[in-house]
Colleague: 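Just passing along the structure, written as structure tokens.
Proteins get letters first, then strands, A, B, ... in listed order; numbering begins at 1 in each.
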Amino acid sequence: MLKIYNSIAREKQTFTPIEAGKVKMYVCGMTVYDFCHLGHARVLVVFDAVQRWLRASGLDVTYVRNITDIDDKIIRRAVENGETIGQLTDRFIAAMDEDATALGVQKPTHEPRATDYVPQMLGLIGQLEANGLAYKAADGDVNFSVRKFPGYGRLSGKSLDDLRAGERVEVDSAKQDPLDFVLWKHAKAGEPAWESPWGAGRPGWHIECSAMSSDLLGQHFDIHGGGQDLQFPHHENEIAQSEGAHGCTFVNYWMHNGFVRVDDEKMSKSLGNFFTIRDVLKKYDAEVVRFFILRAHYRSPLNYSDAHLDDARQALSRLYTALKAVVPDAAGVDREEAHAQGFQAAMDDDFNTPEALAVLFELANEVNRSKDARLAGQLKGLAGILGLLERDPVAFLQGAAGSDDEGLSPAVIEERIAARAAAKKAKDFAEADRLRAELLAAGIVLEDSAQGTTWRRA
RNA sequence: GGCGCGGUAGCAAAGCGGUUAUGCAGAGGACUGCAAAUCCUUCCAGGGCGGUUCGACUCCGCCCCGCGCCUCCA
């Protein structure tokens, strides 16, 4: 029985889909004006794992992850670069796809772009106006009136009076309440604009998610996810818009993943302390990065450092080493088997991937001991549910550390191994050891066995 | 100021009111020409002070420390 920590209830709850056997899930994706950083990688990987587990549990999943392709930063960046908004966003969408694919992230069912949903947004804004929740301000913007929506603040646990608007935000005098947020921004010179009943303009940020989710998943759906920083105000505003327009519950389960940090501080664009996914992939294998992310629970903070990535790589190597030694049975996962049951219990407990991974290490230990192909099959099969251990073990163990790696070529390594074999045969162990040490210095570890010598990268 | 999260062994990271988490690193042993890998054994925990309990890392209270949201942000 799957339990999910529901942010709006602040507790783990048994997951019951609205429609038996089906799950409709929406996750806030990227604003595409720059390369994705590790924080984005975490959202991608975490909700990919969620989605995979739901499917592995036999549910029919519709997974929507949106793309924000119009906003202030995109407009500004396009101007800075001297390119069109379309050129900029196409470029970074392609880059995001590359990064996601590298990390083993499966394609969502739908990846809607905000600019394709302007009519639906206008429809929603019209409904909100009809319901008395939206108003056109003196400056031409259409705003949402938070005071008129009774449940405002429920998700984030904030009360309107405690928010002390103005303390950190400059008060916008055109708003009836400082916490009112923009649904439709009036057009400014040189900026892209769409016609609307309220005049030419462009959408506010929050409205796109309400429009796309209801269009693709319906007015009421199961799971909505995103980074912790979106809980307020973004998701709070989504609830206000969607429930305010539709008059029904918006989402049953809210999920928020924790931040990636650097030196115990949130990794963020505004702090400038971020590492892009592609930077990290220069030094580390993408599967190592995926493993590193899944090694922590999705709601916990995750500290990034090279030392932690090195550690993750060592750990993942242990799993691959077990599969290298025993060819896994291809029969598929036996879900009744003890480890599979443990794995399931872990994943059913709010997607506890660290504990699920611990089960994999227990399996690896038993595989090493028993050389049991069936258990190796369990290991590979269960890991596969999380998108791990899907490569050839030797390819992983001999693979480059990252895209920038300039290690010895396999041909050169094989040549040295042959030379060492000859030295060994001649009982010239000093020469054999010299060759081993030479390779080790180049990051190559040799492993002798009855079947001959194999190698891997340290 | 308001709201919230967390402090676990050298590092990382989980569960759990009483029984080995797990990985990396360390120590000893087996194996090996020597290694590596693997296996076996092993060292190292639960911020501080109280309380509840036969028993608390696990529940409760207070304190200290760190972090986050309240502004664009995954």
Side-chain angles (χ1 to χ4, degrees), chain A residues 7 10 27-31 33 36-47 65 68 71-73 153 156-159 161-165 167-170 179 205 225-234 236 256-261 264-271 274 291-292 295-297 299-303 305 307-319 321-322 324-325 342 345-346 349 352-362 364-365 367-371 397 424 427-430 432-433 436-437 440 444-450 453-456 458:
Chain A
S7 301
R10 279 162 262 276
V27 170
C28 289
M30 262 48 82
T31 301
Y33 68 99
C36 292
H37 63 234
L38 273 181
H40 300 119
R42 192 173 192 190
V43 191
L44 290 169
V45 169
V46 159
F47 287 101
R65 193 185 64 220
T68 299
D71 93 319
D72 292 356
K73 279 165 299 193
S156 51
K158 299 177 190 306
S159 81
D161 296 319
D162 287 343
L163 278 165
R164 313 227 352 212
E167 183 152 327
R168 292 180 65 192
V169 195
E170 272 192 49
L179 287 159
W205 174 37
Q228 231 163 39
D229 45 1
L230 298 185
Q231 192 166 347
F232 188 91
H234 183 55
E236 196 71 72
H256 293 97
N257 66 275
F259 299 129
V260 175
R261 308 167 161 195
D264 288 319
E265 273 196 322
K266 174 183 174 181
M267 178 183 290
S268 77
K269 290 187 179 171
S270 36
L271 287 173
F274 62 89
F291 180 88
F292 166 69
R295 214 177 180 201
H297 185 78
R299 285 190 280 115
S300 303
L302 176 63
N303 249 322
S305 78
H308 296 159
L309 268 290
D310 289 336
D311 188 80
R313 185 172 177 283
Q314 287 298 109
L316 186 57
S317 294
R318 175 172 167 78
L319 296 179
T321 300
K324 180 188 167 199
D349 182 16
N352 192 335
T353 53
E355 198 170 318
L357 292 177
V359 172
L360 299 186
F361 283 99
E362 283 161 16
N365 179 259
V367 168
N368 287 332
R369 231 176 346 188
S370 67
K371 307 295 177 201
L397 294 167
K424 275 174 66 175
K427 301 282 182 201
D428 184 355
F429 292 119
D433 289 348
R436 181 210 293 290
L440 186 60
I444 305 300
V445 179
L446 299 187
E447 299 182 340
D448 294 337
S449 77
T453 300
T454 59
W455 62 276
R456 66 185 166 86

Colleague: Regarding C67(B), can its base be found pairing with the side chain of K266(A) as donor and acceptor, where the two atoms are less than 3.5 Å apart?
Modeller: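 When only heavy-atom distances are counted, K266(A) does not reach the base of C67(B) through any donor-acceptor pair under 3.5 Å.
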Colleague: Roughly how far apart, to the nearest Å, are A14(B) and U20(B) at atom C1'?
Modeller: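 One C1' to the other, the span is 14 Å.
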Colleague: Under 3.5 Å, is there an N or O donor on one side and an acceptor on the other linking the side chain of D433(A) and the base of G33(B)?
Modeller: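 Side chain to base: pair found, below 3.5 Å.
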Colleague: Rounded to whole angstroms, how far apart are CG on D428(A) and P on C34(B)?
Modeller: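 So the CG-P distance, D428(A) to C34(B), works out to 16 Å.
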Colleague: Does N352(A) use its side chain to pair, donor to acceptor, with the backbone of E355(A) at less than 3.5 Å?
Modeller: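 Here the side-chain-to-backbone pair exists.
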Colleague: Over all strands shown, is G225(A) touching base, sugar-phosphate only, or nothing at heavy-atom distances under 4.0 angstrom?
Modeller: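 No contact.
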Colleague: Can you name the side-chain contact (heavy atoms from CB on, under 4.5 Å) partners of T453(A), sequence neighbours left out?
Modeller: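 For T453(A), the residues satisfying side-chain contact (heavy atoms from CB on, under 4.5 Å) (neighbours in sequence not counted) are I417(A), R420(A), L446(A), D448(A).
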Colleague: Can you check the distance between G15(B) and U8(B), where both ends of the measurement are the C1' atom (answer in whole Å)?
Modeller: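 Roughly 12 Å separates the two C1' atoms.
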Colleague: Which part of the nucleic acid, if any, lies within reach of K424(A) when heavy atoms closer than 4.0 Å are counted: base, sugar-phosphate only, or nothing?
Modeller: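 Base: the residue K424(A), judged by heavy atoms under 4.0 Å, touches a nucleobase.
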Colleague: Can you list the residues that meet the side-chain contact (heavy atoms from CB on, under 4.5 Å) rule with F259(A), with sequence neighbours excluded?
Modeller: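 Checked F259(A) against side-chain contact (heavy atoms from CB on, under 4.5 Å); matches are Q228(A), D229(A), K266(A).
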Colleague: Is L230(A) touching bases, backbone alone, or none of the nucleic acid, heavy atoms closer than 4.0 Å?
Modeller: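 Sugar-phosphate contact only.
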Colleague: For nucleotides C67(B) and U53(B), find the distance between their C1' atoms and express it as a whole number of Å.
Modeller: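 The same atom, C1', in both gives a distance of 33 Å.
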Colleague: Look at R456(A) and A37(B) and indicate whether a side-chain polar atom (N or O) is within less than 4.0 Å of OP1 or OP2.
Modeller: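 Checking A37(B) against R456(A), a side-chain N or O does come within under 4.0 Å of OP1 or OP2.
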Colleague: Using the P atom on both, measure A12(B) against C5(B) and round to a whole Å.
Modeller: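 The same atom, P, in both gives a distance of 23 Å.
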Colleague: At under 4.0 Å between heavy atoms, what does R369(A) touch on the DNA or RNA strands: base, sugar-phosphate, or nothing?
Modeller: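 It contacts sugar-phosphate atoms only.
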Colleague: If you measure from the C1' atom in A56(B) to the same atom in C16(B), how many Å do you get, rounded?
Modeller: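 After rounding to an integer number of Å, I get 11 Å for this pair.
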Colleague: Quick one, give me the B/S/- string for nucleotides 15-27 of chain B, reading 5' to 3', where B means a protein heavy atom under 4.0 Å from the base and S means that only happens at the primed atoms, P, OP1 or OP2.
Modeller: S-----BSBBS--
Colleague: Between G48(B) and G7(B), how many Å separate the two P atoms, rounded to a whole number?
Modeller: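 So the two P atoms sit 13 Å from each other.
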Colleague: For a quick check of understanding: with a heavy-atom distance under 4.0 Å over all strands, which category does G227(A) fall into, base, sugar-phosphate or nothing?
Modeller: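 Sugar-phosphate, no base atom in range.
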Colleague: How does RNA chain B look in dot-bracket form if you count Watson-Crick and G-U pairs under 3.5 Å, write [ ] for pairs that cross, and put | where a base pairs with another strand?
Modeller: (((((((..(((.....[...))).(((((.......)))))....(((((..]....))))))))))))....
Colleague: Go through the structure and list residues passing side-chain contact (heavy atoms from CB on, under 4.5 Å) with D311(A), not counting sequence neighbours.
Modeller: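 D311(A): side-chain contact (heavy atoms from CB on, under 4.5 Å) contacts with R295(A).
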Colleague: Between Q231(A) (CD) and C73(B) (P), how many Å, whole number?
Modeller: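 Between P of C73(B) and CD of Q231(A): 14 Å.
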Colleague: Give one of base, sugar-phosphate or nothing for S300(A), where a contact means two heavy atoms less than 4.0 Å apart.
Modeller: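 If one applies the 4.0 Å heavy-atom cut-off, S300(A) turns out to touch the sugar-phosphate alone, with no base involved.
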Colleague: With sequence neighbours excluded, tell me which residues meet side-chain contact (heavy atoms from CB on, under 4.5 Å) with L271(A).
Modeller: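 side-chain contact (heavy atoms from CB on, under 4.5 Å) list for L271(A), sorted by chain: S268(A), N273(A).
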Colleague: May I have the step-by-step check of salt bridge (charged side-chain N to carboxylate O under 4.0 Å, His left out) for D310(A) and R313(A), ending in yes or no?
Modeller: CA-CA 5 Å; D310(A) 289 336; R313(A) 185 172 177 283; over 6 Å; no
Colleague: Please check if the side chain of K371(A) supplies one atom and the backbone of N368(A) the other of a donor-acceptor pair under 3.5 Å.
Modeller: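 Yes; judged by distance alone, with no hydrogens or angles, the pair exists.
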Colleague: Between G4(B) and A21(B), how far apart are the P atoms? Round to whole Å, please.
Modeller: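 A21(B) and G4(B) have their P atoms separated by 33 Å.
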Colleague: Checking all strands, does T321(A) fall into the base, sugar-phosphate, or nothing category for heavy-atom contacts under 4.0 angstrom?
Modeller: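 Sugar-phosphate contact only - T321(A) comes under 4.0 Å of backbone atoms but never of a base.
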Colleague: If only side-chain N and O atoms of W455(A) are considered, is one of them under 4.0 Å from the OP1 or OP2 phosphate oxygen of A37(B)?
Modeller: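 For A37(B), neither OP1 nor OP2 has a side-chain N or O of W455(A) closer than 4.0 Å.
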Colleague: RNA chain B: F232(A) or G157(A), which has the more 5' nearest nucleotide?
Modeller: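 Result: G157(A).
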Colleague: May I have the distance from H40(A) (atom NE2) to C73(B) (atom C1'), rounded to whole angstrom?
Modeller: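 One finds 7 Å between C1' of C73(B) and NE2 of H40(A), rounded.
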Colleague: Let me know the distance between CZ of F259(A) and P of G66(B), rounded to the nearest Å.
Modeller: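 In whole Å, G66(B) P and F259(A) CZ are 19 Å from each other.
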Colleague: Identify whether any heavy atom of N257(A) sits under 4.0 Å from a base atom; if not, whether one sits that close to sugar-phosphate; answer base, sugar-phosphate or nothing.
Modeller: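 Base, at least one base atom sits under 4.0 Å.
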Colleague: In terms of side-chain heavy atoms of A296(A), which of G68(B), A13(B), C69(B) is nearest?
Modeller: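 Given the options G68(B), A13(B), C69(B), the side chain of A296(A) is closest to A13(B).
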Colleague: Taking atom P of C69(B) as reference, at what distance in whole Å does atom CD of E236(A) sit?
Modeller: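 Atom CD in E236(A) sits about 16 Å away from atom P in C69(B).
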Colleague: Side chains of T31(A) and H40(A): does their closest heavy-atom pair fall under 4.5 Å?
Modeller: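 Sidechains of H40(A) and T31(A): no contact.
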Colleague: Using the C1' atom in both, what is the distance from A37(B) to C24(B), to the nearest Å?
Modeller: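 Straight-line distance between the two C1' atoms is 16 Å.
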Colleague: Nearest 0.5 Å, please: how far is CD in E447(A) from OG1 in T321(A)?
Modeller: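 So the OG1 of T321(A) and the CD of E447(A) are separated by 7.0 Å.
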Colleague: Flag the pair H308(A) / L302(A) as yes when at least one side-chain heavy-atom distance between them is below 4.5 Å, and no otherwise.
Modeller: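 The answer is no; the side chains never approach within 4.5 Å.
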Colleague: Rounded to the nearest Å, what distance is computed from the CG atom of residue D161(A) to the P atom of nucleotide G1(B)?
Modeller: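 Rounding to the nearest Å, CG of D161(A) and P of G1(B) are 19 Å apart.
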Colleague: Between F429(A) and G33(B), do the rings stack, that is, sit under 5.5 Å apart with planes less than 30° off each other?
Modeller: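 Check passed, F429(A) stacks on base of G33(B).
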Colleague: Does the plane of the ring in F291(A) sit parallel, tilted or perpendicular to the ring in F361(A)? Use 30° and 60° as the thresholds.
Modeller: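 The arrangement is perpendicular - the two ring planes meet at more than 60°.
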Colleague: Please give, in whole Å, the distance from C34(B) P to L446(A) CG?
Modeller: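 In whole Å, C34(B) P lies 16 Å from L446(A) CG.
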Colleague: Determine whether a donor-acceptor pair (one donor, one acceptor, N or O, separation below 3.5 Å) exists between the side chain of R261(A) and the base of C67(B).
Modeller: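 No.
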Colleague: Can you tell me how far P of A74(B) sits from CE of M267(A), to the nearest Å?
Modeller: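 Atom-to-atom, M267(A) to A74(B), this comes out as 13 Å.
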